[in-house]
Amino acid sequence: MKQHTIQFENCRAELYEFDAGGEVREYHLMLHVSNPRLPYPSQVEAVLDAYHQLLESELHGAQPAFKRYFLSDAANQADDIIVNDVSECAKSIVEQAPLDGTKVALWCYLLTGVQTTITPSGLYEVRHGQFRHLWNGSAHNLAANSEYQTRLLFNEYNMQLLQEECTLKDNCVRTWFFVNDVDLNYGGVVRARNQFFFTQGLTVDTHFISSTGIGGRQQDPNVLAQMDNYAIGGLQAAQRHFLYAPTHLNRTSDYGVSFERGTCIDYRDRRHVFISGTASIDNKGQIMYPKDIVRQTHRVWENIEALLSEAGCTYDDVAEMVVYLRDTADYLLVKELYDERFPTKPCVIVHAPVCRPGWLIEMECMAVRANDALDLPPF
């Protein structure tokens with residue numbers, strides 16, 4: 001594991017590298033514009049220039065698997081990303097304003113030693129050995145309301161997985177839902193997800209899927225729910241384990257939603273850990289420390305630490321963090337807290353209301369650590 005910061009003329013790069021000594025090295029890259037006074041086209045140029053410089057240096061030989069652009073005004077900005085970033089990987093573009101005062105930030109996940117292609121189903125495939133890592137970003141439709149939109153999103157994704165000889169239950173590892181006006185439209189997303197999962201055999205007695213459901217807007221204001229997703233073709237049941245941390249968190253089904261708190265995937269040489277969006281909550285499902293952003297932040301860290309510990313990980317293994325704040329006025333204080341505890345960790349803090357108004361902050365992350373599981377196939 002190696003993490004460091006690289007400064008370009010108008011952009012700062014935070015880079016995490018994992019190298020298990022095999023063909024596949026993994027990188028998580030977070031790019032931040034360092035001059036918020038630049039006009040938007042110049043900010044995009046700064047991010048893309050830094051990205052391409054890194055591909056020629058620290059990231060030489062790496063290929064992108066997934067990118068997420070965080071924008072301050074998707075209606076006016078998304079087209080520039082679509083036109084200027086022509087790399088072939090899954091791309092997520094969402095209005096969740098970076099809270100450092102800039103207009104765009106980028107999280108990118110890259111790997112070496114893999115083959116990438118877009119499949120006939122429309123999913124982006126990253127292949128190595130026996131595994132096909134299937135990524136998708138910015139899926140959306142224009143059905144009448146958030147419930148119908150979510151139902152159609154799952155129907156389409158299910159058909160894509162079937163084309164890849166996969167299923168939602170056996171192969172999907174992670175989803176993200178970005179909900180336009182989350183206070184109003186999240187309920188429809190939850191109803192559609194609960195109903196669809198039941199039809200696919202995903203219940204409290206089997207398992208759900210790690211997920212983030214958070215405020216976020218697409219370029220078109222009529223899109224009420226946008227989905228990103230990740231599945232693994234060739235995944236064996238013995239490779240996947242779910243994380244609960246019952247001393248700190250309750251089962252999500254206790255309050256009528258259907259996602260896992262965290263999931264870990266084991267390979268011979270490494271373990272991947274996917275932590276869902278996690279807020280200041282106790283193991284009875286109650287909001288901890290209402291209206292206190294400092295204590296809520298510490299409780300978020302504690303809850304995630306408990307999930308990571310269950311997966312045999314610590315914060316040292318965390319490769320990237322996305323932090324969501326409901327109130328932009330909390331940014332400077334939260335940034336201070338994160339800078340003090342995680343000074344070099346790839347991290348972005350964005351404006352995105354959490355699905356319950358009392359939660360002031362939510363965080364998700366991915367972690368990777370070395371493994372020694374000789375009975376499992378390599379990554």
Side-chain angles (χ1 to χ4, degrees), residues 1-8 11-34 46-70 85 87-92 105-116 124 126-129 131 133 135 173-174 230 232 264-275 304-305 308 311-323 338-339 341-349 363-373 378-379:
M1 179 274 293
K2 182 170 66 175
Q3 59 189 41
H4 61 289
T5 301
I6 306 163
Q7 188 65 52
F8 297 90
C11 188
R12 184 181 80 258
E14 298 161 349
L15 182 63
Y16 181 101
E17 175 187 351
F18 174 81
D19 185 356
E23 294 179 350
V24 181
R25 297 191 307 278
E26 300 183 54
Y27 300 92
H28 282 271
L29 172 65
M30 205 72 76
L31 289 170
H32 306 269
V33 176
S34 51
V47 166
L48 293 179
D49 282 352
Y51 172 74
H52 289 298
Q53 287 184 57
L54 286 166
L55 285 182
E56 297 299 320
S57 53
E58 280 85 351
L59 299 176
H60 184 69
Q63 298 185 66
F66 180 77
K67 292 181 177 180
R68 179 171 297 139
Y69 285 91
F70 305 91
D85 186 343
S87 54
E88 292 195 0
C89 69
K91 296 187 195 76
S92 172
L106 171 63
W107 162 41
C108 187
Y109 174 51
L110 308 98
L111 308 102
T112 62
V114 297
Q115 297 80 46
T116 63
Y124 284 87
V126 180
R127 179 188 288 268
H128 181 264
F131 296 109
H133 302 269
W135 290 89
V173 173
R174 186 71 163 87
Y230 169 52
I232 306 172
C264 63
I265 307 294
D266 280 321
Y267 305 93
R268 182 180 301 168
D269 62 341
R270 70 195 71 192
R271 168 174 288 179
H272 284 173
V273 181
F274 302 87
I275 302 297
I304 290 176
E305 193 166 34
L308 291 169
C313 293
T314 71
Y315 274 113
D316 287 342
D317 303 303
V318 169
E320 58 82 26
M321 300 171 168
V322 181
V323 182
Y338 272 83
D339 283 349
R341 183 164 184 185
F342 308 108
T344 61
K345 190 72 68 181
C347 177
V348 64
I349 304 175
M363 175 178 141
E364 64 175 63
C365 62
M366 291 172 58
V368 56
R369 72 161 176 82
N371 212 359
D372 186 15
F379 179 76

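Here the structure is a predicted model, which means the values were calculated and not measured.
Between the CG atom of L110 and the CG atom of L59 there is a distance of 5.5 Å, given to the nearest 0.5 Å. The structure places CE of M321 at 11.0 Å from CD1 of I275, a figure rounded to the nearest 0.5 Å. Interatomic distance, L55 CG to C108 SG, rounded to the nearest 0.5 Å: 7.5 Å. Once rounded to the nearest 0.5 Å, the distance linking CG of D266 with CG of N371 reads 4.5 Å. One distance of note links CG of L15 with CG of L31; it measures 9.0 Å at 0.5 Å rounding. Atoms CD1 and CG, from I6 and L29 in turn, are 8.0 Å apart once rounded to the nearest 0.5 Å.
Taking each heavy atom of M363 and V323 in turn, the nearest pair found is CG-CG2, 4.2 Å. When all heavy atoms of D316 and M1 are compared, the pair lying nearest together is O-CE, 3.6 Å. Closest heavy-atom contact between G312 and R369: O-NE, 3.1 Å.
For the pair C89 and K91, the minimum side-chain heavy-atom distance is below 4.5 Å. Looking at heavy atoms from C-beta onward, Y124 lies out of side-chain contact with T116 at the 4.5 angstrom threshold. Under the 4.5 Å side-chain criterion, counting only non-hydrogen atoms from C-beta, D49 is not in contact with F8.
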Can you list the steps and then say if T5 with E14 is a side-chain contact (heavy atoms from CB on, under 4.5 Å)?
CA-CA 5 Å; T5 301; E14 298 161 349; 4.2 Å; yes

Item to check | Pair V173-F274, side-chain contact (heavy atoms from CB on, under 4.5 Å): steps then yes or no | outcome: CA-CA 8 Å; V173 173; F274 302 87; 3.7 Å; yes

- Task: With side-chain contact (heavy atoms from CB on, under 4.5 Å) as the test, would you mind laying out the steps for Y315 and I304 before giving the verdict?
- Result: CA-CA 9 Å; Y315 274 113; I304 290 176; 3.4 Å; yes

Decide yes or no on side-chain contact (heavy atoms from CB on, under 4.5 Å) for F342 and C347, but give the supporting numbers first.
CA-CA 9 Å; F342 308 108; C347 177; over 6 Å; no

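Legend: residues meeting side chain to side chain donor-acceptor pair (under 3.5 Å) with K345, ordered by chain and number and at least two apart, are Q3. The salt bridge (Lys or Arg N to Asp or Glu O under 4.0 Å) test applied to E26 returns R270, not counting sequence neighbours.
Ring geometry, F379 versus H128: the interplanar angle falls under 30°, so the pair is classed parallel (tilted spans 30 to 60°). Note: F131 and Y267 have perpendicular aromatic rings, judged against thresholds of 30 and 60 degrees for the angle between ring planes.
Between the side chain of Q7 and the backbone N or O of C11 there is at least one donor-acceptor pair closer than 3.5 Å. Of the possible donor and acceptor atoms, one in the side chain of D317 sits under 3.5 Å from a partner among the backbone N and O of T314. Of the possible polar contacts, one joining the T112 side chain to the R25 backbone as a donor-acceptor pair under 3.5 Å is found. Although no hydrogens or angles enter the test, the distance criterion places no donor-acceptor pair under 3.5 Å between the side chain of H272 and the main chain of M366.
For the ring-ring contact (aromatic ring centres under 6.0 Å, His included) test with Y109, the passing option among W135, Y27, F18 is W135; the others fail.
Between R68 and E320 there is no salt bridge, since none of the side-chain N atoms of the basic residue sits less than 4.0 Å from a carboxylate O of the acidic one.
Checked against a 6.0 Å centroid threshold, the rings of W107 and F66 count as neighbours.
Defined by atom type and a distance below 3.5 Å, a donor-acceptor pair is missing between the side-chain atoms of Y51 and D85.
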